[in-house]
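Below you'll find the structure, written out as structure tokens, and then a few comments.
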Amino acid sequence: MYKGKRVAVVVPAYNEERFIADVIKGIPEYVDRIYVVNDASTDDTARIAEELAKNNPRVTVKTLEKNTGVGGAITAGHRLALEENMDAVAIMA
């Protein structure tokens, strides 16, 4: 929570196995929710993100069956934030 507001970060991810763990771990503690949107990656992006989510209740991983591009992944993340009534959403791409 930041100044009384619930904050979310959307992380669109496509074949980011080398970087996804550092991105997630680098998000500040005041962020309430981290939505990693795996955009049909063909590498271990989803597995790595899901492993981190097991130990971090802030992290939600959504895997898209079809690659939608960064815009589609961001939109999917925004939908998750709306469902959880977040007050502010940032994109970490």
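- Nearest approach of Arg33 to Pro57, heavy atoms of both residues: NH1-O, 2.8 Å.
- Among residues two or more places apart in sequence or in another chain, the side-chain contact (heavy atoms from CB on, under 4.5 Å) test is passed with Val23 by Val11, Met92.
- In this structure, Arg6 contributes its side chain and Glu84 its backbone to a donor-acceptor pair below 3.5 Å.
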Ignoring hydrogens and angles, write down the donor-acceptor pairs under 3.5 Å from the side chains of residues 47-54, residues two or more places apart or on other chains.
| unit_1 | atom_1 | unit_2 | atom_2 | d |
| --- | --- | --- | --- | --- |
| Glu51 | OE2 | Lys54 | NZ | 3.0 |

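- Heavy atoms only, all atoms of each residue included: Ala13 and Ile20 are closest at CB-CD1, 4.0 Å.
- Summarising the hydrophobic clusters (Ile, Leu, Val, Met, Phe, Trp, Tyr; side-chain heavy atoms under 4.5 Å, direct or chained), the residues clustered with Leu82 are none.
- Atom CD1 of Ile24 sits about 11.0 Å away from atom CD of Glu16, to the nearest 0.5 Å.
- The side-chain contact (heavy atoms from CB on, under 4.5 Å) search around Ile91 returns Val10, Pro12, Ile74, His78, Ala93, not counting sequence neighbours.
- Leu80 and Val89 fall within a single hydrophobic cluster, where Ile, Leu, Val, Met, Phe, Trp and Tyr side chains are chained together by heavy-atom contacts under 4.5 Å.
- For the residue pair Ala73 and Leu64, the shortest heavy atom distance occurs at CA-CD1, 4.2 Å.
- Here the straight-line distance linking atom CZ of Arg18 with atom CG of Asp44 works out to 13.5 Å at 0.5 Å rounding.
- Both Val7 and Val36 are members of a single hydrophobic cluster when ILVMFWY side chains are connected at heavy-atom separations under 4.5 Å.
- Interatomic distance, Tyr35 OH to Met86 CE, rounded to the nearest 0.5 Å: 4.0 Å.
- Of the listed residues (Val9, Ile34, Ile27), just one forms a side chain to side chain contact (heavy atoms under 4.5 Å, CB included) with Val59, and that residue is Ile34.
- Residues satisfying the side-chain contact (heavy atoms from CB on, under 4.5 Å) test with Pro28, not counting sequence neighbours, are Tyr30, Val31.
- A search for side-chain contact (heavy atoms from CB on, under 4.5 Å) contacts involving Ser41 returns Tyr14, Asn15, Asn38, Asp43, Thr45, not counting sequence neighbours.
- With hydrogens and angles ignored, the 3.5 Å screen pairs a side-chain donor or acceptor of Asp39 with a backbone N or O of Gly69.
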